[in-house]
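Here is the structure we will look at.
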Amino acid sequence: MELRCERDVLVEALATAGRATASRGGSLPVLGGVRAQLEGDRLFLTGTDLDLTIADAITVAGLEDGVAVLPGRLTVDIVRALEPGAVHLNTSGEEAKIASGRSQFSVRLLPADDFPRLADAATEEVTLDAAGLADALRQVVRAASHDDARPILTGVLMAAEGDGLRLVATDSYRLALRDLRGASVLSEGQSVLVPSRALGELTRLLSGADTVTLRLGQRDATFEIGDTRLTTRLIEGEFPNYRQLISGSQANQLTIGREPLLDAIRRVRLLARESTPVRLSLRSDGVELSAVMQDVGQAQEDLDAKYEGAELVIAFNPEYLADGIEALAGDEVSFEIIDALKRVVLRSPESEDYLYLLMPVRVS
Amino acid sequence: MRLVVATCSVTYTGRLSATLPEADRLLVVKADGTILIHADSGSKALNWMSPPCRLVEGPSGWTATGAKGERLDIAITAVHSDVTTALGGEPGLVKTHSEAEIQGLLAGACDCIEEGLRLVRREHVTPIGPVDLLCLDGRGRAVAVEVKRVGDIDGVEQLTRYLRYLEQDTTLRDVRGIYVAGTVKPQARTLARDRGIAWVEVDFDVLAQRRTPELTLFEG
């Protein structure tokens with residue numbers, strides 16, 4: 001295989017495919033590589049860790065067709081470090097030569113025969129607005145768990161809801177839910193559980209795109225954005241029953257400015273490191289935020305707010321609280337509160353499409 | 001997972017050469033391609049090959065070839081058992097009561113170490129490393145606590161070194177040490193007594209049950 005390509009084009013495509021390669025120490029060394037296949041002037045690059053696959057295609061000056069598996073991370077680092085301009089890539093036998101200007105590298109290839117054969121995507125496709133999906137993913141993926149011991153909670157539920165699509169994620173301490181109205185991707189009653197890691201990568205790929213095409217298979221989902229294709233296996237298992245948590249109205253309601261609250265949390269959490277909670281003292285004339293770190297100090301800030309309900313003190317993990325408020329749209333955020341030990345629903349008074357549930361933290 | 005008990009001899013050719021003379025052994029072939037050769041004693045395999053490798057079965061035995069051309073030739077003269085079972089996904093080893101977890105549990109329940117003990121700081125810094133817990137006893141004296149899952153004499157030595165540095169800290173008054181572990185070995189008890197260090201055994205399972213569970217959306 002032999003080709004020439006502009007450095008920036010090549011490095012971007014290599015890095016995109018490389019984001020799906022397995023980290024070191026895996027059982028199959030070839031999964032640390034990016035498979036490059038040249039057909040005429042089209043270079044197809046694929047990285048996979050068997051759970052997530054990202055393939056990209058770019059136009060290059062093709063000199064000789066061929067297939068090779070390049071060491072993913074190293075090749076990206078080499079190409080990125082070259083001077084701007086054309087890069088010459090030539091593979092033969094077990095070696096790839098990468099050259100640009102007066103720089104020359106030769107790197108050992110990984111065995112192309114060992115690279116896994118990847119399944120074809122399902123034929124049925126649905127096209128979605130890329131910006132809308134990216135917004136929804138940014139709001140929801142943050143609530144998914146990173147704990148591999150609880151695999152179902154590392155996924156985002158995508159379910160048919162009315163005439164649209166509902167995305168739900170939870171780590172059991174908080175839950176984010178977003179409805180994409182009119183996005184009829186799934187048939188009635190159908191739902192799939194997509195790994196949040198894959199959707200995090202998808203969010204990056206959606207930046208600047210107009211549309212994304214989704215193909216759902218039995219065991220995997222494929223998203224196509226222009227020449228880039230992301231395929232992820234689906235998680236098998238039953239997502240927790242979240243519907244019981246989102247029904248009914250709550251007795252106590254706080255409405256407060258979103259930005260002032262976020263700013264105050266950022267200040268107060270300087271004294272809420274490690275697992276120290278931030279306390280909200282709710283009164284009819286406003287809210288007091290406070291945090292106390294034993295042997296370090298304390299922080300306190302008063303905020304104007306509209307509160308209807310019984311006076312109470314409720315505490316939250318400051319990171320989770322800020323995450324939810326950041327994800328909400330609009331100038332104000334409303335808290336629907338049962339009591340200091342039960343779930344709180346955060347939503348924007350301006351939009352019914354998104355809500356964020358958060359469990360309080362016990363404080364003495 | 002395939003388990004074969006066979007009479008075999010093995011020759012490995014790679015970065016070095018090694019042979020196993022003919023004997024009865026257990027041959028293990030895992031779903032990811034890992035090959036292991038075990039004797040009827042010891043926890044480690046006598047020889048092995050990691051994936052990716054290619055396994056070819058012939059009439060007189062197996063040949064496994066690794067990614068770098070290394071070879072494992074297994075000459076089989078008799079097969080006594082050959083069983084294949086699909087095990088499915090491996091959930092992974094779940095370790096309970098790591099030292100960090102135990103330290104966290106004790107930090108929230110210092111009274112189980114000594115009545116009246118109050119936490120000042122976790123991971124209190126000294127020039128030779130952090131002491132697990134720095135506490136104050138009922139009379140306001142500083143207490144350095146070193147926590148181990150199993151208390152051997154190395155932990156006593158470690159606490160002795162910390163105490164030497166803590167005694168130079170003029171903000172601490174009459175600092176003393178307590179060595180806390182699930183079980184404290186007899187040698188460690190003796191050494192601790194000689195050094196004027198108290199030792200305490202704590203049942204970490206009981207301690208974990210005392211902890212107030214976190215509030216979650218789907219439980220309770």
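- Within a 6.0 Å sphere centred on CZ of A:R73, other residues, nucleotides and ligands contribute 12 heavy atoms or fewer.
- Dense packing is recorded around CZ of B:R176, with more than 12 heavy atoms of other residues, nucleotides or ligands lying under 6.0 Å away.
- Shortest non-hydrogen contact noted between A:Y173 and B:L217 is C-CD1, 4.0 Å.
- Rounding to the nearest 0.5 angstrom, the gap separating the CG atom in B:L215 from the NZ atom in A:K342 is 10.0 Å.
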**OP:** List the steps, then state whether side chain to side chain contact (heavy atoms under 4.5 Å, CB included) holds for A:L245 with B:F218.
**Re:** CA-CA 9 Å; A:L245 303 172; B:F218 301 103; 3.5 Å; yes

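- Residue-environment remark: OH (B:Y165) stays at or below the threshold of 12 foreign heavy atoms within 6.0 Å.
- Note: A:L175 CG to B:T216 OG1 = 12.0 Å, rounded to the nearest 0.5 Å.
- The neighbour count for B:E157 CD, taken as heavy atoms of other residues, nucleotides or ligands under 6.0 Å away, is above 12.
- In terms of heavy-atom proximity, B:P52 sits nearest to A:P29 at CD-CD, 3.1 Å.
- Only the backbone of A:N241 comes within contact range of chain B, with heavy atoms under 4.5 Å apart.
- Counted within 6.0 Å of CD on B:E167, heavy atoms from surrounding residues, nucleotides or ligands total more than 12; the atom is thus considered enclosed.
- Residue with the most contacts toward chain B among A:L110, A:T170, A:L357: A:T170 (heavy-atom pairs, distance under 4.5 Å).
- In this structure, B:R195 places its CZ atom where more than 12 heavy-atom neighbours from other residues, nucleotides or ligands lie under 6.0 Å away.
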